[in-house]
Protein chains: 2
Amino acid sequence: MSTARATYRHGDLRRSLIEAGVELAREGGPDAVVLREATRRAGVSPNAAYRHFADRAELVDAVSDAAQGAAAAAIEAELDSVPAATGVESAQERLRAVGIGYLRFARDEPGLFRAAFGVPGGLERAFVSEKAGPGGSSPFALLAGTLDDLVRFGALPEERRPGAELLAWSAVHGLAMLVLEGPLHDLDEQTRTMAGRRVVEMAVRGI
Amino acid sequence: MSTARATYRHGDLRRSLIEAGVELAREGGPDAVVLREATRRAGVSPNAAYRHFADRAELVDAVSDAAQGAAAAAIEAELDSVPAATGVESAQERLRAVGIGYLRFARDEPGLFRAAFGVPGGLERAFVSEKAGPGGSSPFALLAGTLDDLVRFGALPEERRPGAELLAWSAVHGLAMLVLEGPLHDLDEQTRTMAGRRVVEMAVRGI
DNA sequence: TGCGATTGTGGACAGTGTACACATGGGAGA
DNA sequence: TCTCCCATGTGTACACTGTCCACAATCGCA
């Protein structure tokens, strides 16, 4: 944002570049994260970025982490709306909340969503702190925790727990991507939320 | 392919550009469909493309249609492996085949898959002949037909039929995208096929 | 105090999409 | 058969991108 600066050194260029990148991603997804524009917004020459990121892909990765943090925040917000309680009912309700939160984030912040989950990543960094929301957990961690609760309260047989993340995640992710950058691009709002509810229900029932 | 030509007129440049584009997409997905390279491969100057496509996006759309045709072929192949029969069992088996075929195509042709289903489109062109496979049906048509069979044979209550495509499609599409260009990028082959089977099962059960 | 590692700059290059003016020649009408 | 129109392809140019290389400024440590 600040295009002028007094000192030769920037101070915290890495953070500034990520913030600029997040703003670009918000407006146009991961492809809109253009390195030169980020440096421009940070008030710095294009090559300065290469002191902090090996190449554009690495900047996009950092932006993706931050975007996953924002997604975690959205999911946490949805989780907080579920009355805290133990038992099968409540655990299932929390799983629904995770799914709805995920889809809500996709609707409210399509650019950030695609930057968060539409960029190649690896599961080994799924719990890393850069991807965490205000509550300290990454989206994947929130989902995993909810599934653990399902097992604890007997709503999910232990032998079906391994890999259950992939099932639930696939369901909501698929709908989001079909709508955001797939053949369901111009699905109307109403059909979309209806489909969202049913997809979540399918996951809860079919895990 | 043919970098030389005798006549000033090309003959069928539009088709050549699409074919070159498909080849590029096969190697690197929709982003790899670069207009100048396509014209180069067609042995023509860059601007010649603009006589057949308004811009790059329109070329990518045409490539996407062709890629969906290839996807339809993969699904048809999987469907053909199901013994033809009537009844609930067989109808469900065909739904499984559609899902497995979709995922198999994503695994075997990741670039084409992303070009086919990772590009903004609209449902109004879902049945268009450019997206059809050898059998004459588009991927969406194949899925819809299979779901209709489920209803016909009493495996799916009529009131749940509307929008059922979205559910089944979301499940498999989500897994494919998470693996191809998402946080599950480097999931090993074994986990992947296992997840594929379970996702399909979730859809069959949870629709 | 001085020196070295960090961080930022300037210039350059290859590559992209696309706009504008121009060239070519196939085919319809005379 | 000749002629001209216009669909199709060419050439040049521009702004933009990621990234390489050599150089400059400064912060912090010896």
Side-chain angles (χ1 to χ4, degrees), chain A residues 1-64 111 114-115 119-120 181, chain B residues 1-64 111 114-115 119-120 181:
Chain A
M1 285 304 175
S2 59
T3 44
R5 75 181 193 282
T7 57
Y8 183 82
R9 297 298 222 271
H10 175 282
D12 198 351
L13 182 53
R14 183 185 162 86
R15 176 172 313 277
S16 291
L17 289 175
I18 295 179
E19 279 171 11
V22 164
E23 214 45 47
L24 290 169
R26 188 198 308 281
E27 295 160 18
D31 293 350
V33 178
V34 9
L35 194 143
R36 289 182 97 109
E37 176 63 21
T39 58
R40 221 172 281 137
R41 295 191 181 192
V44 118
S45 87
N47 285 326
Y50 288 88
R51 301 297 171 186
H52 302 273
F53 304 97
D55 53 14
R56 192 194 89 102
E58 224 171 64
L59 169 60
V60 173
D61 283 349
V63 168
S64 178
R114 285 160 54 214
V119 138
E181 55 179 24
Chain B
M1 295 300 174
S2 57
T3 44
R5 75 181 194 281
T7 57
Y8 183 84
R9 297 296 221 273
H10 175 283
D12 198 351
L13 182 53
R14 183 185 163 85
R15 176 172 314 277
S16 291
L17 288 175
I18 294 180
E19 280 171 10
V22 164
E23 215 45 48
L24 290 169
R26 187 197 310 280
E27 294 160 19
D31 293 349
V33 178
V34 10
L35 194 142
R36 290 181 96 110
E37 176 63 21
T39 59
R40 221 171 281 136
R41 295 191 179 192
V44 116
S45 88
N47 284 328
Y50 288 89
R51 300 298 171 186
H52 301 273
F53 303 96
D55 52 14
R56 192 193 89 102
E58 222 170 66
L59 169 59
V60 173
D61 283 350
V63 169
S64 178
R114 286 160 53 213
V119 138
E181 56 180 21

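Keep in mind that what you see is a predicted model, and the values were worked out from it rather than measured. Naming: A, B, ... by sequence-line order, numbering from 1 per chain.
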Can you tell me how far P of C:dG17 sits from CG of A:Asp31, to the nearest Å? 14 Å
Residue closer to the 5' end of DNA chain C, B:Pro46 versus A:Ala49 (nearest nucleotide): A:Ala49
Does this structure show an ion pair linking A:Glu23 with A:Arg41, if we count only N-O contacts that are shorter than 4.0 Å? no
Taking it one step at a time, do B:Arg51 and B:Leu13 satisfy side chain to side chain contact (heavy atoms under 4.5 Å, CB included)? CA-CA 9 Å; B:Arg51 300 298 171 186; B:Leu13 182 53; over 6 Å; no
What heavy-atom pair brings A:Phe53 and A:Ile18 nearest, and what distance separates the two atoms? CZ-CG1, 3.8 Å
Please list, by residue number, the residues of residues 50-57 of chain B whose heavy atoms come closer than 4.0 Å to an atom of DNA chain D; answer none if no residue qualifies. B:Arg51, B:His52
Results of side-chain hydrogen bond (donor to acceptor under 3.5 Å, both in side chains) for B:Glu27 - residues two or more places apart only: none
Side-chain atoms of residues 56-64 of chain A: list all donor-acceptor pairs with protein atoms under 3.5 Å, sequence neighbours left out, distances to 0.1 Å.
residue, atom, partner, partner atom, Å
A:Arg56, NH1, A:Val33, O, 2.6
A:Glu58, OE1, A:Ala54, N, 2.8
A:Ser64, OG, A:Ala115, O, 2.8
A:Ser64, OG, A:Ala116, O, 3.1

Side chain proximity check, A:Glu37 to A:Leu24, heavy atoms < 4.5 angstrom: yes
Closest contact, heavy atoms only, B:Leu35 versus B:Pro46: CD2-O, 3.7 Å
What is the minimum heavy-atom distance between A:Ala42 and A:Leu17, and which atoms define it? CB-CD2, 4.1 Å
If I take atom NE2 in residue A:His10 and atom P in nucleotide D:dT26, what distance separates them, rounded to the nearest angstrom? 16 Å
Inter-end axis angle, the helix from C:dT1-D:dA30 to C:dA30-D:dT1, with every axis fitted to five base pairs (rounded, 10 degrees): 0°
Can you check the B:Arg40 CZ to C:dA14 C1' distance for me, whole Å? 11 Å
Minimum heavy-atom separation for B:His52 and B:Arg14, please, with both atom names. O-NH1, 3.3 Å
Between the protein and nucleotides 12-15 of chain D, list every N/O to N/O distance that falls short of 3.5 Å.
residue, atom, partner, partner atom, Å
D:dT12, O4, B:Asn47, ND2, 3.2

Interatomic distance where CZ belongs to B:Arg14 and P belongs to D:dG9 [whole Å]: 12 Å
Just jot down the side chain to side chain contact (heavy atoms under 4.5 Å, CB included) partners of B:Asp31, sequence neighbours excluded, or say none. A:Asp31
Given atom CG of A:Asp12 and atom C1' of C:dT6, what is their separation to the nearest angstrom? 14 Å
